[in-house]
Amino acid sequence: MPAGVSLRRLRPHEDGRGVFAEIFRGEWDVGCHPVQWNVVHSRPNVLRGVHVHAMHIDYLMPVSGILLLGLHDLRESSATAGQSTLIEIEGARPQAVTIPPGVCHGFYYPVETTHIYAMSEYWDPDEEIGCRFDCPQLRLDWPARDPILSERDAAAGTYEEMRTAFRKRWDELYPGVPC
Ligand SMILES: Cc1cn([C@H]2C[C@H](O)[C@@H](COP(=O)(O)OP(=O)(O)O[C@H]3O[C@H](C)C(=O)[C@H](O)[C@H]3O)O2)c(=O)[nH]c1=O
């Protein structure tokens with residue numbers, strides 16, 4: 001798992017009416033102090049990403065369906081630099097994932113899925129850096145070769161272009177700080 005990524009198993013409480021689960025408590029110290037929450041509904045065979053951010057942390061969990069999360073560590077000074085992993089999380093057995101800046105992420109949904117996620121900073125389009133989901137340097141073996149993509153993700157550039165853009169933004173934000 002790329003350094004700084006954390007998984008927290010959530011506790012669904014099921015009864016005759018359905019399911020209740022706590023998804024966030026400040027005392028859990030999940031590595032993200034949310035200022036914004038989002039809910040995302042995705043159709044089967046949708047893939048969102050691959051994206052990476054220099055400033056904000058994402059904290060997310062599926063609440064229904066299945067989320068296949070692809071992660072890749074883009075940080076040159078990270079102990080897990082270049083590490084990639086795919087994690088499948090079911091909404092019925094939810095886990096909350098914290099994704100730090102510098103860890104690329106993409107989400108594939110094999111079935112209709114809803115996920116909720118929080119951000120540690122308000123959305124800033126300048127934070128939206130990414131590359132094509134099927135760039136070989138990501139070493140993410142997605143189960144779909146022709147997923148449904150947004151126009152942005154379909155037109156995304158190369159891994160090297162992403163790395164250059166990320167490094168430029170990082171150096172602008174944190175001059176002299178190793179990435
Ligand atoms: C992120 C965001 C988007 N939007 C609008 C912009 C678009 O009209 C629409 C879909 O946005 P986007 O295509 O960027 O959504 P995803 O492709 O799911 O990506 C988002 O979710 C994953 C986790 C990422 O890592 C991205 O950073 C984040 O952009 O929602 C908003 O109004 N507010 C927001 O905070």
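As the structure lists them, so they are numbered: ligands from 1, and atoms in each ligand from 1.
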Side-chain donor-acceptor contact under 3.5 Å, Thr98 with Ser6:
yes

Flag: protein heavy atom within less than 4.0 Å of atom 18 (O) of ligand 1
yes

Of the listed options Glu127, His105, Arg48, closest to atom 25 (O) of ligand 1 (non-hydrogen atoms)
His105

Is a side-chain donor-acceptor pair under 3.5 Å present for Thr114 with His41?
yes

protein heavy-atom neighbour closest to atom 32 (O) of ligand 1 works out as Trp123 CZ3, 3.7 Å

Aromatic contact, His72 with His105 (centres under 6.0 Å)
no

May I ask you to check whether Thr158 and Arg132 show a side-chain donor-acceptor distance below 3.5 Å?
no

For atom 12 (P) of ligand 1, the protein heavy atom that lies nearest, with its residue and separation
Arg152 NH2, 3.8 Å

Taking only heavy atoms of Glu128 into account, list the atoms of ligand 1 that are under 4.0 Å away from them.
26 (C), 27 (O), 28 (C), 29 (O)

Tyr59-Phe24 aromatic ring centre distance below 6.0 Å
yes

Can you check whether a protein heavy atom sits less than 4.0 angstrom from atom 2 (C) of ligand 1?
yes

So if I count the atoms of ligand 1 from 1 in the order they appear, which ones are less than 4.0 Å from some heavy atom of Phe107?
22 (C), 23 (C)

What I want to find out is whether Glu172 reaches Arg169 closely enough, with some N-O distance under 4.0 Å, to be called a salt bridge.
no

Among all protein heavy atoms, pick out the one at the shortest distance from atom 21 (O) of ligand 1; state its residue, atom name and that distance to 0.1 Å.
Tyr117 OH, 3.1 Å

If only side-chain N and O atoms count, and only distance matters, is there a donor-acceptor pair under 3.5 Å linking His115 with Tyr109?
yes

Compute the shortest N/O to N/O distance between His51 and ligand 1 and return yes if it is under 3.5 Å, no if not.
yes

Atom 35 (O) of ligand 1: any protein heavy atom closer than 4.0 Å
yes

Please could you name the atoms of ligand 1 that Gln36 approaches to less than 4.0 Å, counting only its heavy atoms?
34 (C), 35 (O)

Looking only at side-chain N and O atoms, does Glu127 offer a donor or acceptor that is under 3.5 Å from a partner on His53?
no

